[in-house]
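All values below were derived from every heavy atom in this structure, side-chain atoms included, with hydrogens, water molecules and symmetry-related copies excluded. In what follows, every chain begins at residue 1, and chains take the letters A, B, ... in the order their sequences are listed.
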Amino acid sequence: MERTKVAELLRSTDFGKEVCVKGWVRTKRGNKNVAFIALNDGSIIHNIQLVADVAVFGEEALKPVTTGACIAATGTLVKSQGQGQTVEIQAKTIEVYGTADAETFPLQKKGHTLEFLREIAHLRPRTNTFGAVLRIRHHMAYAVHKFFNDKGFFCLHSPIITGSDAEGAGEMFRVTTLDMKNPPKNPDGSINYKEDFFGKESNLTVSGQLEAELGALALGLVYTFGPTFRAENSNTPRHLAEFWMIEPEMAFYDIKDNMDLAEEMLKYLIRYALEHCKDDLEFLNNMYDKELLNRLNSIAASSFQRLTYTEAIEVLKASGKKFEFKAEWGVDLQKEHENHLVDHFKKPVILTDYPKGIKAFYMKQNEDGKTVRAMDVLFPYVGEMIGGSQREENYDKLHARIKEMGLHEESLWWYLETRKFGTCPHSGFGLGFERLILFMTGMTNVRDIIPFPRTPKNAEF
RNA sequence: GUACGAGAAGCUCAUAUGGAUGAGCGGCUGCCUGUUAAGCAGAUGGCAGAAGGUUCGAAUCCUUCCUUGUACGCCA
């Protein structure tokens with residue numbers, strides 16, 4: 001008999017129908033006469049209840065049906081006699097695919113802390129929480145592609161391995177096939193990378209932006225959605241060494257178009273989640289964060305507060321609040337400052353036109369000679385969600401800035417050539433996918449947002 | 001990387017000023033004719049992260065290291 005998913009069975013009113021269901025046992029309870037098995041197959045957060053008459057199956061046959069075991073069952077879909085569910089399956093056959101020794105299976109019926117579940121990341125997808133998070137993560141990934149596709153963007157696959165060391169977004173992971181115990185040396189004792197796989201030093205990418213710009217200057221509207229790697233020793237609930245980033249890049253967009261796109265996209269994604277992840281969001285709302293649904297609904301309906309860095313400094317100064325670090329023009333905003341701004345406006349804030357000294361080389365320089373057309377989107381709950389800018393399209397200005405900042409000009413030759421050949425105004429931004437999911441789920445640590453987190457001192461699984 | 005906190009039973013935690021280690025849950029055994037993270041009863045289960053040190057005596061005090069949490073920094 002063909003397997004029917006639990007999600008479908010729970011919607012069905014086809015009572016009397018013979019069905020087959022397969023999944024993992026969450027709990028089994030009952031007495032001498034009847035056993036109730038809560039079965040979950042991952043298709044939905046809810047379980048279906050199997051009712052097994054002990055007289056039919058025999059006590060011994062039901063023994064291996066324990067929490068964590070995988071089974072296939074056939075039976076009749078019936079209206080539940082008990083409370084708590086509308087439909088259930090009166091079981092006729094049960095086949096055990098895989099047992100789970102109750103003494104050693106680490107997931108118990110009662111809840112576990114998220115910290116403990118991180119230690120058993122290979123099994124935590126079987127919990128309600130991670131089922132919900134991972135389903136939401138999937139829907140958000142799909143929604144990102146759908147959003148861009150519907151707007152005429154093309155997905156561009158930027159490289160994972162890069163020979164460029166000038167992206168400037170953080171420390172990089174070296175990629176090499178050289179024998180680390182005995183690397184080939186130059187006469188001066190340094191390592192000879194000419195012997196390495198690519199004939200030069202290479203690393204894992206920290207951003208697909210520069211390549212996305214090349215794509216935008218040919219296809220118009222593009223976006224990347226891929227993994228990025230940063231070897232920073234960042235120990236916070238918002239940082240990972242390996243994370244996923246969405247980086248749209250748009251020809252002919254100025255900073256305002258850029259902001260409009262970022263705001264439209266974020267609201268679209270929130271609405272998409274509210275529409276397609278209802279059960280999972282309700283579970284997370286009840287279990288972790290009672291304000292989750294309110295927050296999602298309110299931000300989907302809000303219009304983001306836009307102001308310049310200079311105006312933000314004024315707001316901070318006028319607040320009269322005592323900050324640990326004084327808010328002063330020219331200094332990068334501290335977390336406490338960002339938090340104050342978001343609290344002050346009570347909605348997402350888009351900050352623009354930062355001092356050029358604290359931003360990356362590729363951002364378009366303003367006429368004032370002091371600021372660049374950067375934009376950061378600050379969100380309640382998670383902080384910096386997006387970082388982006390209008391890009392500097394003028395060759396001379398870009399070149400001067402690269403020299404001024406002491407960057408390795410030669411390795412950026414290809415990037416500079418786009419400004420020589422058919423340059424145009426363009427903009428883009430980077431959205432941290434895990435931070436988006438953090439916001440979307442009400443979870444508090446990105447280690448619980450990605451199936452297998454990579455953080456300093458941790459690459460298990 | 002900095003600051004502070006935490007590492008004891010499978011899990012979550014009590015163990016007041018250093019003085020024979022405790023509980024709840026899980027798992028196990030038994031009871032209960034439809035249960036809902038079921039209920040009731042019982043037994044089992046740990047030389048307290050690692051290494052040193054102080055002391056008659058250390059889970060408790062000190063040192064170093066490891067792991068982990070939170071805040072901050074780097075950013076997304």
Side-chain angles (χ1 to χ4, degrees), chain A residues 26-38 46-55 63 66-68 78 80-85 88 90 100-120 127-128 167-171 206-209 226-247 262 287 323-325 332-339 358-360 376-379 382-388 429-439 444-450 455-458 460:
Chain A
R26 284 294 169 78
T27 67
K28 183 179 73 173
R29 29 173 203 275
N31 53 45
K32 234 190 261 179
N33 306 296
V34 62
F36 302 97
I37 300 158
H46 305 297
N47 306 323
I48 189 136
Q49 174 160 283
L50 292 173
V51 184
D53 283 322
V54 178
K63 270 217 166 127
T66 58
T67 300
V78 295
S80 179
Q81 296 172 36
Q83 302 197 323
Q85 61 280 318
E88 63 188 23
Q90 187 66 47
D101 176 26
E103 282 198 37
T104 49
F105 184 63
L107 290 171
Q108 54 185 48
K109 298 177 187 179
K110 300 248 175 177
H112 291 290
T113 60
L114 294 169
E115 288 82 1
F116 173 68
L117 291 174
R118 276 173 217 150
E119 294 171 17
I120 49 166
T127 63
N128 284 334
E167 286 157 3
E171 288 298 312
V206 293
S207 163
Q209 180 199 315
T228 46
F229 309 86
R230 296 190 187 171
E232 301 285 350
N233 189 16
S234 296
N235 294 290
T236 86
R238 297 177 308 281
H239 290 84
L240 292 165
E242 175 182 292
F243 65 101
W244 290 70
M245 193 150 60
I246 297 137
E247 295 177 287
M287 295 299 286
F323 294 108
E324 195 180 338
F325 294 90
D332 206 359
L333 297 179
Q334 301 287 317
K335 196 86 196 303
E336 54 178 340
H337 302 141
E338 297 182 353
N339 290 344
I358 57 174
K359 287 292 181 184
D376 280 7
V377 181
L378 308 179
F379 251 55
V382 292
E384 186 174 345
M385 179 82 88
I386 279 179
F429 61 82
L431 166 69
F433 191 53
E434 280 72 25
R435 294 201 183 159
L436 174 76
I437 309 302
L438 207 58
F439 177 77
T444 54
N445 193 316
V446 284
R447 292 173 176 86
D448 303 322
I449 287 305
I450 191 165
T455 53
K457 300 282 184 295
N458 188 357
E460 194 68 50

Look at all strands and tell whether A:Leu431 reaches a base, only sugar-phosphate, or nothing, counting heavy atoms closer than 4.0 Å.
nothing
Between B:G69 and A:Glu115, counting only base atoms on the nucleotide and side-chain atoms on the residue, is there a donor-acceptor pair under 3.5 Å?
no
For B:A41, the nucleotide meeting Watson-Crick or G-U wobble distances (both under 3.5 Å) is B:U29
Figure out the CG/P separation between A:Leu114 and B:U70, and round it to whole Å.
10 Å
Have a look at A:Gly111 and say if it touches a base, only the backbone sugar-phosphate, or nothing, with a 4.0 Å heavy-atom cut-off.
base
All heavy atoms of A:Gln90 vs all of A:Asp53, minimum pair found to be NE2-OD2, 3.4 Å
Indicate, with a heavy-atom threshold strictly under 4.0 Å, whether A:Gln81 touches base, sugar-phosphate, or nothing.
base
Tell me whether A:Gln85 contacts the main-chain N or O of A:Ser80 through its side chain, where contact means a donor paired with an acceptor under 3.5 Å.
no
Hey, is A:Phe433 doing a stacking thing with B:A76, by the 5.5 Å centroid and 30° angle criteria?
no
Ignoring hydrogens and angles, are the base of B:G34 and the side chain of A:Glu88 linked by a donor-acceptor pair under 3.5 Å?
yes
Comparing A:Pro106 and A:Asp376 on RNA chain B - which has the more 5′ nearest nucleotide
A:Pro106
Is it the case that B:C74 (base atoms only) and A:Arg238 (side chain only) share a donor and an acceptor within less than 3.5 Å, ignoring hydrogens and angles?
no
Using Watson-Crick or G-U wobble geometry with both distances under 3.5 Å, which nucleotide pairs with B:U35?
none
For a quick check of understanding: with a heavy-atom distance under 4.0 Å over all strands, which category does A:Asn235 fall into, base, sugar-phosphate or nothing?
base
Looking only at B:U12, B:C75, B:C74, the nucleotide nearest the A:Glu232 side chain is B:C74
Please state how far atom CD in A:Glu119 lies from atom P in B:G7, giving the value in whole angstrom units.
14 Å
Heavy-atom closest pair (A:Trp244 atom, A:Glu434 atom, distance to 0.1 Å) is N-OE1, 3.0 Å
Students often get this wrong, so: under 4.0 angstrom with heavy atoms, is A:Gly30 touching a base, only sugar-phosphate, or nothing?
base
Distance in angstrom units between A:Lys109 NZ and B:C25 C1', rounded
12 Å
Per the atom types in the model, does the base of B:C74 pair as donor or acceptor with the side chain of A:Ser234 at under 3.5 Å?
yes
Whole Å only: how far is the CZ atom of A:Phe229 from the C1' atom of B:A76?
14 Å
Any donor-acceptor pair under 3.5 Å joining the side chain of A:Arg26 to the base of B:A37?
no
Can you give me the closest heavy-atom contact between A:Asp376 and A:Gly387, atom names plus distance?
OD1-CA, 3.6 Å
Between P of B:G73 and CD1 of A:Ile358, the distance in whole Å
13 Å
Reckon A:Glu336 touches a base, only the sugar-phosphate, or nothing at all at heavy-atom distances under 4.0 Å?
nothing
Go ahead and name the base partner of B:U60; Watson-Crick or wobble counts if both distances stay under 3.5 Å, otherwise write none.
none
In whole Å, measure the gap between the P atoms of B:G46 and B:U21 for me.
14 Å
A side-chain contact here means heavy atoms from C-beta on lying under 4.5 Å apart; do A:Pro456 and A:Asn233 qualify?
yes
Among B:U70, B:C11, B:G34, which nucleotide sits nearest the side chain of A:Val51?
B:G34
Measuring only the P atom in each nucleotide, how far is B:A76 from B:C62? A whole number of Å is fine.
41 Å
Does B:A48 have a Watson-Crick or wobble partner in any strand here, with both distances under 3.5 angstrom, and which is it?
none
Would a 4.5 Å heavy-atom cut-off, applied to side chains only, mark A:Arg435 and A:His239 as touching?
yes
Under 3.5 Å on both distances, the Watson-Crick or G-U partner of B:U54:
none
For B:U2, which nucleotide in any strand shown is its Watson-Crick or wobble partner with both distances under 3.5 Å?
B:A71
Donor-acceptor contact below 3.5 Å, side chain A:Thr66 vs main chain A:Ala100
yes
Over all strands shown, is A:Thr104 touching base, sugar-phosphate only, or nothing at heavy-atom distances under 4.0 angstrom?
nothing
Taking atom C1' in both B:G30 and B:U17, compute the distance separating them and give it to the nearest angstrom.
45 Å
Measuring from the side chain of A:Asn458 (C-beta onward, heavy atoms only), which nucleotide among B:U68, B:U33, B:C74 has the closest atom?
B:U68
Of the listed nucleotides (B:C32, B:U12, B:A76), which one gets closest to any side-chain atom of A:Met245?
B:A76
Check every strand shown and say whether A:Thr236 touches a base, only sugar-phosphate, or nothing at a heavy-atom separation below 4.0 Å.
base
Nucleotide nearest A:Pro237 (side chain, heavy atoms from C-beta), chosen from B:A71, B:A38, B:G34
B:A71
Can you tell me the distance, in whole Å, between the CG atom of A:Leu378 and the P atom of B:A76?
12 Å
Kindly indicate whether the side chain of A:Val206, heavy atoms from C-beta on, has any atom under 4.5 Å from the side chain of A:Phe229.
no
In the strands shown, is B:U12 matched to any nucleotide by a Watson-Crick or G-U wobble pair with both distances under 3.5 Å, and which?
B:A23
Shortest side-chain distance from A:Arg435, nucleotide among B:C75, B:G73, B:U35
B:C75
Among the nucleotides B:U33, B:G73, B:A71, whichever has the atom closest to the side chain of A:Lys335 is B:G73
Expressed in whole Å, how much space separates the P atoms belonging to B:A8 and B:G49?
6 Å
Using a distance-only criterion (donor-acceptor N/O pair, under 3.5 Å, no hydrogens), is the base of B:U12 paired with the side chain of A:Gln108?
no
If you only use heavy atoms from C-beta on, which nucleotide in B:G34, B:U35, B:U68 is closest to the side chain of A:Lys457?
B:U68
Between B:G53 and B:G73, how far apart are the two C1' atoms, rounded to whole Å?
35 Å
Under 4.0 Å between any heavy atoms, over every strand shown, what does A:Phe243 touch: base, sugar-phosphate, or nothing? Just pick one.
base
Find the partner of B:G7: check Watson-Crick (N1-N3 plus N6-O4 or O6-N4) and G-U wobble (N1-O2, O6-N3) distances, both under 3.5 Å, and reply none if neither fits.
B:C66
Whole-angstrom distance between B:A48 and B:G34, as gauged at atom C1'
44 Å
For A:Asn233 and B:C75, what is the distance between atoms CG and C1' respectively, to the nearest whole Å?
14 Å
Any donor-acceptor pair under 3.5 Å linking the side chain of A:Thr455 with the backbone of A:Leu240?
no
Where the side chain of A:Gln334 is defined as all heavy atoms beyond and including C-beta, which of B:A37, B:G73, B:C75 is the nearest nucleotide?
B:G73
On a heavy-atom basis, the closest approach of A:Val54 and A:Lys32 is CB-O, 3.1 Å
Could you work out the separation of B:C25 and B:A43 based on their P atoms and round it to a whole Å?
14 Å
If you assign each of A:His112 and A:Gln85 to its closest nucleotide in RNA chain B, which residue comes earlier from the 5' end?
A:His112
With rounding to the closest Å, how many angstrom separate the C1' atoms on B:G69 and B:G24?
23 Å
Report the nucleotide, chosen from B:C75, B:C72, B:G27, that has the shortest atom-to-atom distance to any side-chain atom of A:Asp332.
B:C75
Check: A:His239 side chain, B:C75 base, donor-acceptor under 3.5 Å
yes
Tell whether A:Gln83 reaches the base of B:U35 with its side chain through a donor-acceptor pair below 3.5 angstrom.
no
